[in-house]
Each structure stands twice: as structure tokens, then as C-alpha cells.
Amino acid sequence: MEEQESRKKDRSPNFPFISLENAIARAKAFYDEERKGAAPVTRAAIHWKYSPNSSGLIQTVAALKSYGLMSDEGSGADRRLKLTELALRIVLDTRIESLERQEMIRRAALNPSVSAEVHSNWPEGLPSDDTLNHYLVLERAFAPANAYRAVKILKENQQLAGILGGLNLSEEVEILGDKGARNVGDGLPLISGMDVVESPRLTNTQLTNHHPRFYGGGGPAMTAPAGAFIEQVLDLDGRAMRIEFSVAPTEDMYEFLKDYIELRLKAIRRKATSPQP
């Protein structure tokens with residue numbers, strides 16, 4: 001009885017045991033054989049070169065589910081695995097530069113609850129390994145060995161997903177709360193059920209001189225591509241803010257923006273309440 005209680009105390013919170021990059025590679029291997037269909041766990045074991053009863057197989061399935069890349073149905077011998085829409089949007093998007101794919105990768109990186117919490121606590125970028133390890137052990141009850149691995153994975157995922165520095169405010173970007181904000185697209189024509197307008201195509205000279213804008217998590221500035229889809233929101237003082245998409249915006253892209261804005265609001269509120277030096 002005491003041994004069981006000890007194991008419960010030593011058990012860490014659920015967290016993927018592999019990095020997102022490796023999880024995407026596993027999703028790709030699964031897709032290459034099963035496409036969009038469901039398959040038994042034993043088939044996944046073959047695709048990933050695991051034995052059917054190995055702990056690595058169990059942990060890999062759990063990791064893909066944690067990242068939101070895989071779903072399952074049934075149990076025991078009838079359990080079947082299937083890639084999610086999020087996984088397919090990542091795996092099937094083979095464009096060299098794809099903002100939409102990068103946004104889906106960010107969603108996957110922030111899907112594990114621990115990851116979302118950590119990045120919410122440090123929206124301007126993860127702290128040192130020691131600080132993050134200390135937080136996971138003391139605040140989230142990770143076993144020390146598991147905390148060390150989680151820190152490594154969090155840092156790798158941050159780099160892959162472009163979250164690093166992605167929550168910093170640019171001097172030229174304002175993020176408003178609910179106060180004083182109009183609905184997105186007020187005053188713009190409604191096209192195909194959403195408020196969007198296609199920007200005029202720009203010449204190479206115009207693109208070079210075009211004012212830089214930030215995409216997704218606010219990483220490196222990028223000029224607006226030709227044919228971008230633009231939405232505009234105005235505050236009560238008439239100040240305009242623009243959201244630009246390289247493709248027609250999807251529900252997943254809006255969900256990502258919602259998550260990003262929620263993280264930014266937490267960072268702004270935390271900064272407002274922190275003591276000034």
C-alpha cells in the first residue's frame with residue numbers, strides 16, 4: 001500500500017515524451033501507410049518499428065494525442081488510431097514557406113496543458129533551464145528526471161514552432177482588450193461569409209518599401225505578400241489595426257489568433273501588476 005502511494009507521489013503530470021518534431025515525423029510515417037484512415041495500434045507499431053507491447057509504442061501514441069495530432073477509438077484489440085485534421089494540415093502542407101503550416105505547428109506545440117501553462121507564464125520566451133526545471137519540479141510536481149526531459153522538449157518545441165520571442169510586443173503593434181474594440185471587419189464588404197478584402201498586388205519596389213508587419217506570434221517582421229487577405233479593426237479613437245493572411249483565413253487560423261491574444265493579454269496584465277524597479 002505504501003509502495004503504491006509512493007508511486008502516485010512520484011508520478012509526473014502528463015507530458016509528451018518526444019519532441020514535436022519527432023511527433024510530426026511519426027505522424028508522417030503513419031500517413032504514408034494509412035493515409036486518412038484509421039488503423040489498429042499493431043499497424044502503427046509496424047510503421048514506427050516498435051514491438052506491439054513496447055512502452056515506446058504506448059508513449060508515442062500518448063505523445064501524438066497530447067500534441068493533438070492523433071485520436072483513437074475503441075479499446076483493447078479493437079482500438080484504432082487516426083490522424084487528426086491538425087496533423088493532416090501539417091503533414092500535407094509541403095510548401096517551402098507556409099504561414100498556415102507554421103501556425104498549425106504552434107497550435108500543436110501549445111496543445112499539451114503543461115506547455116500552454118509554461119508559455120503563458122513566460123510569454124516573452126522560456127527562462128533558463130534551471131529556472132524552468134525548478135518550476136516543473138516544485139510547481140507542477142514533475143519527477144526530477146522527467147522534468148529534465150520536459151525542459152529539453154519544451155526548448156526544442158519553442159524553437160521549432162517559432163514561439164521564441166513570439167510574445168514580445170513590437171513598438172508598432174497594439175493589442176486591445178474588449179474595451180473600445182469594434183467587430184473585426186466593420187465597414188468592409190462581406191465576402192463568402194467573412195469580412196475580408198484582397199489587397200492590391202504590389203510591385204517588387206512596393207514590396208521592398210512596404211511597411212513590415214508581424215505574423216502569427218510576432219516573430220521576424222515580414223512584408224505583406226501580394227494577394228494577401230486583409231481584415232481591419234478600429235478602436236473608438238479611430239486607430240486602425242490590420243490582420244493580414246497569406247491565404248483565405250480558416251477557422252483554425254482564427255482559433256490560433258484567439259489563443260495568441262489570450263496569451264498576450266495575460267502578459268500585459270502581469271506586467272501591469274508587477275512592481276516597477
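Going from atom CD of E255 over to atom CE of M104 covers 9.5 Å, rounded to the nearest 0.5 Å. One finds the CZ atom of F17 at 14.5 Å from the OG atom of S12 (value rounded to the nearest 0.5 Å). For the atom pair H119 NE2 and L126 CG, the distance stands at 4.5 Å (nearest 0.5 Å).
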Inset, instruction - Begin with the C-alpha distance, continue with both residues' side-chain angles, and end with the deciding distance and a verdict on side chain to side chain contact (heavy atoms under 4.5 Å, CB included) for V114 and F142. - result: CA-CA 11 Å; V114 171; F142 272 72; 4.2 Å; yes
Legend entry - Full working for side chain to side chain contact (heavy atoms under 4.5 Å, CB included) between F15 and L136: CA-CA 11 Å; F15 190 79; L136 293 176; over 6 Å; no
Legend entry - side chain to side chain contact (heavy atoms under 4.5 Å, CB included) evaluation trace for I153 with R149: CA-CA 6 Å; I153 291 173; R149 187 180 70 244; 4.0 Å; yes
Inset, instruction - Report the C-alpha distance between T131 and H134 in whole Å, list the side-chain angles of each, state the deciding distance to 0.1 Å, and finish with yes or no for side chain to side chain contact (heavy atoms under 4.5 Å, CB included). - result: CA-CA 5 Å; T131 298; H134 178 82; 5.7 Å; no
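Under a hydrophobic clustering in which Ile, Leu, Val, Met, Phe, Trp and Tyr are joined whenever their side-chain heavy atoms come within less than 4.5 Å, directly or via other members, Y148 and L132 fall into different clusters. At a threshold of 4.5 Å between side-chain heavy atoms, the hydrophobic network of Ile, Leu, Val, Met, Phe, Trp and Tyr places I46 and I58 in two separate groups.
Side-chain contact between R140 and E117 is present, with at least one heavy-atom pair separated by less than 4.5 Å. A 4.5 Å side-chain heavy-atom check between L20 and L69 finds at least one atom pair inside the cut-off. Side-chain contact between V41 and P52: absent, with no pair of heavy atoms (C-beta onward) separated by less than 4.5 Å. Between Y254 and T250, the closest side-chain pair of non-hydrogen atoms is not below 4.5 Å. The shortest side-chain heavy-atom distance between I105 and I24 falls under the 4.5 Å cut-off. Residues L110 and D259 are not in side-chain contact: their nearest non-hydrogen atoms beyond the backbone lie 4.5 Å or more apart.
The shortest non-hydrogen separation linking G68 to N111 is N-ND2, 3.3 Å. The two residues L57 and A44 make their nearest non-hydrogen contact at CD1-C, 4.4 Å. The two atoms that bring V91 and K28 nearest to each other are CG1-CD, 3.4 Å, heavy atoms only. Closest heavy-atom contact between A147 and N133: CB-OD1, 3.4 Å. Looking at every heavy atom in both residues, E21 comes nearest to L160 through N-CD2, 3.6 Å.
Under a 3.5 Å cut-off, the side chain of T84 and the backbone N or O of S71 do not form any donor-acceptor pair. E33 places no side-chain N or O within donor-acceptor distance of the main-chain N or O of R43, the cut-off being under 3.5 Å. Judged purely by atom type and a 3.5 angstrom limit, S66 has no side-chain atom pairing as donor or acceptor with the backbone of P112.
In this model, a donor atom of one side chain and an acceptor atom of the other lie less than 3.5 Å apart for Y135 and N121. S98 and R95 are linked by a side-chain donor-acceptor pair at a separation below 3.5 angstrom, with hydrogens and angles left out of the test.
With a 6.0 Å cutoff to the six-membered ring centre and a 45° limit on the axis angle, R26 does not count as a cation-pi contact of F30.
Within the structure, every pair that satisfies the side chain to side chain donor-acceptor pair (under 3.5 Å) test and touches residues 44-58, not counting sequence neighbours, is listed here: E34-H47, Y50-T60.
Under a 4.5 Å side-chain heavy-atom cut-off, the cluster of Ile, Leu, Val, Met, Phe, Trp and Tyr residues that includes L138 is completed by V137.
For the side chain to side chain donor-acceptor pair (under 3.5 Å) with E156, the qualifying choice from Q158, Q159, K152 is K152, the only one to do so.
Salt-bridge formation is not detected for the pair R80/D72: no Lys NZ or Arg NE/NH1/NH2 atom is positioned less than 4.0 Å from an Asp or Glu carboxylate oxygen. In summary, E73 and R79 do not engage in a salt bridge, as defined by a charged side-chain N under 4.0 Å from a carboxylate O. Using a cutoff of 4.0 Å between basic side-chain nitrogens and carboxylate oxygens, E103 and R107 are not scored as salt-bridged.
Environment of NZ in K155: crowded, with over 12 heavy atoms of neighbouring residues, nucleotides or ligands closer than 6.0 Å. Residue D93 qualifies as enclosed at atom CG: its count of foreign heavy atoms under 6.0 Å is above 12.
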